[in-house]
Amino acid sequence: LEAELASKRPLLAADLEVYGGPAACPGGKANAAEVLQTFAALADLPSECLGAYVISMSHYASDVLAVKLLQKASGVKIPMRVAPLFETREDLQAAPTVMKRVLASTAYDHGGFHEVMLGYSDSSKDAGKLASLWELHTAQESLLGIAKDAGVEMNFFHGRGGSIGRGGGPQHLALLSQPAGSIKGGYRVTVQGEQINAYFGSLGTAIHSFQSYAVTILEHTVAPPPLPTASQRALMQKLSDESAAFFQQTIYKSANGVFAKYFHTASPSAALGSMNLGSRPAKRKTAGGIETLRAIPWVFAWTQMRLHLPVWLGGGEALTNLAKTEEGMKELKDMYASWPFFTALVDLVELEISKAEPAISSYYDQKCCTSDPNLKALGIELREKLGEAITIFLKISGKPALLATQPKTKAAFMARSKYLNALHAIQGEAMGRIRAEGGPAEESEEYKVLNDAMIVTVQGISAGMNNTG
């Protein structure tokens, strides 16, 4: 790739008809035709129309160089900046090595500026919230150091979703928890789904949102948050590793795949794939298990059944284990009081688990998990783990109850709860009837009525919870 970037020889034949379909492209591959057609269209568009070329699931330096080469070969006059997107925990850990190789390439013209996109959704689904946030934090610190050594200005593009499980939450908590030096006078972030209306739905709301962003960015730029101590870093890495291991063992390595069975049985995950929610298919691949499920339906399903598992699983266990000793509990309290990153992490999780309702999850189990005692046992275990997570997060923050310092937020959610409870009752009943042995056939009128009830309740609960995932 470096040789081709430096070469003056054309990569593609001048008479190649890229819009002629797969047959006209090298190897006759449909995906090759689509790629070449995309870059041909980029060459035809004014550069003012184009921003960053984001590479989803980036793994290697060659991912970045290939996009640069295809722009050159296709005749893009003013090349788009290339932003690799590092999404999983493993990719975030490898990001510094990848970018060091990219910036060291003599054939790659970065113009003294480079953008890197960070994925909050898939890293959280891959390893849990606590491990995800720490890997994002350390990746940014390492990337800033590599960029500084290369004499390059590094800008981060934060791929945040609407829910806390996908990187969302209050703006001030999200920004002030960023590592020192990562925000310098500007901040690039995705705002998607219902969050667009929540932040920019009216003139007054939009002004308030931009003011909030501006003030927090200014604060972070002028007075960056304090750096963690060496002992805090070591402790956070230990917590991250332990939480990720527990999260992955529970979800991806459960005995006989019982976790996947429970997820698909006790949640409305099956209904989400057929609904017009989200900008992409529910799965990356048609086959495969939970690992192929996208982060939006993953978080959405747990929100619907009110367990909110992606936010606390793994982290709750790691923190509980550390807090078993008096010294460990003191270290956690000290970090909460002195380190904005850890403060924001605890407060964000508290905000999300305040919406959890174990009784509703238990009701879903009673309606949908009647034929398998293993599924019921897992549901009971998860609700016990949720209770333990709530206990440890409250101990760390020193609050008497969830949202004790946010009475307005608590009152607003409580006002919606009675309507949510009715919707959950209907949804659980509809799921139970659809999935029962000898249940209605898909072509029957009863099935259509039950399916319509499912769709309405999913949308209603989403509105009541204020996010779709």
Side-chain angles (χ1 to χ4, degrees), residues 128-130 133-134 163-165 168-177 216 225-226 228 232 235-236 239 242-243 246-247 299 302-303 305-363 379-421 424 464-467:
K129 186 65 177 177
L130 188 148
L133 287 180
W134 180 238
S163 65
I164 290 173
Q171 298 169 21
H172 65 284
L173 283 178
L175 270 69
L176 291 179
S177 65
T216 311
Q232 287 175 337
L235 184 60
M236 195 64 212
L239 289 169
E242 288 183 3
S243 66
F246 188 91
F247 184 92
V299 174
W302 291 110
T303 302
M305 61 191 293
R306 301 290 289 279
L307 267 184
H308 301 270
L309 176 141
V311 173
W312 56 264
L313 184 66
E317 288 75 20
L319 293 169
T320 299
N321 287 339
L322 180 61
K324 287 179 180 178
T325 66
E326 186 176 338
E327 181 185 357
M329 191 70 242
K330 183 179 182 302
E331 288 178 311
L332 291 173
K333 285 180 173 289
D334 288 345
M335 284 204 300
Y336 180 79
S338 63
W339 187 13
F341 166 81
F342 193 72
T343 307
L345 187 157
V346 173
D347 289 349
L348 283 170
V349 173
E350 178 199 358
L351 187 60
E352 187 75 352
I353 59 178
S354 69
K355 298 178 181 179
E357 183 48 73
I360 289 174
S361 166
S362 178
Y363 168 72
I380 293 171
E381 180 185 345
L382 291 176
R383 286 187 288 276
E384 289 175 351
K385 293 291 184 185
L386 169 62
E388 292 172 3
I390 292 173
T391 299
I392 188 59
F393 280 105
L394 287 176
K395 282 184 177 179
I396 293 171
S397 66
K399 297 173 185 175
L402 296 172
L403 300 181
T405 58
Q406 301 181 60
K408 290 184 179 179
T409 301
K410 186 174 184 178
F413 185 71
M414 291 303 294
R416 301 194 299 271
S417 290
K418 56 185 177 182
Y419 305 105
L420 282 167
N421 291 341
H424 283 299
M465 300 300 291
N466 272 351
N467 66 64

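Of all heavy-atom pairs spanning Ala323 and Ile392, the tightest one is CB-CD1, 3.4 Å. Counting all heavy atoms, side chain and backbone alike, Leu313 lies closest to Phe247 at O-CD1, 3.4 Å. Considering every non-hydrogen atom in both Leu403 and Ser354, the closest pair reads CD1-OG, 3.4 Å. Between Leu307 and Trp312, the shortest heavy-atom distance links the atoms O-NE1, 2.8 Å. Closest approach of Ala356 and Leu386 over heavy atoms only: CB-CD2, 3.8 Å. Listed here is the closest heavy atom pair of Met335 and Leu239: CE-CD1, 4.3 Å.
Residue pairs satisfying the salt bridge (Lys or Arg N to Asp or Glu O under 4.0 Å) criterion with at least one member in residues 400-421, sequence neighbours excluded, are absent. Applying the salt bridge (Lys or Arg N to Asp or Glu O under 4.0 Å) test to every pair with at least one member in residues 309-331, sequence neighbours left out, gives these pairs: Lys330-Asp334. Note on residues 392-403: pairs passing salt bridge (Lys or Arg N to Asp or Glu O under 4.0 Å), not counting sequence neighbours, are Asp347-Lys399, Glu350-Lys399.
With hydrogens and angles disregarded, a donor-acceptor distance shorter than 3.5 Å links the side chain of Lys355 to the backbone of Met465.
Separating the CD1 atom in Ile360 from the CZ atom in Arg383 is a distance of 11.5 Å, to the nearest 0.5 Å.
Under the side-chain hydrogen bond (donor to acceptor under 3.5 Å, both in side chains) criterion, His424 pairs with Arg306, Tyr364, sequence neighbours left out. Scored by the side-chain hydrogen bond (donor to acceptor under 3.5 Å, both in side chains) test, Ser243 finds no partners at all (sequence neighbours excluded). Partners of Tyr363 by side-chain hydrogen bond (donor to acceptor under 3.5 Å, both in side chains), not counting sequence neighbours: none found.
At a threshold of 4.5 Å between non-hydrogen side-chain atoms, the residues His308 and Glu357 do not count as touching.
Note: Trp339 and Phe341 have tilted aromatic rings, judged against thresholds of 30 and 60 degrees for the angle between ring planes.
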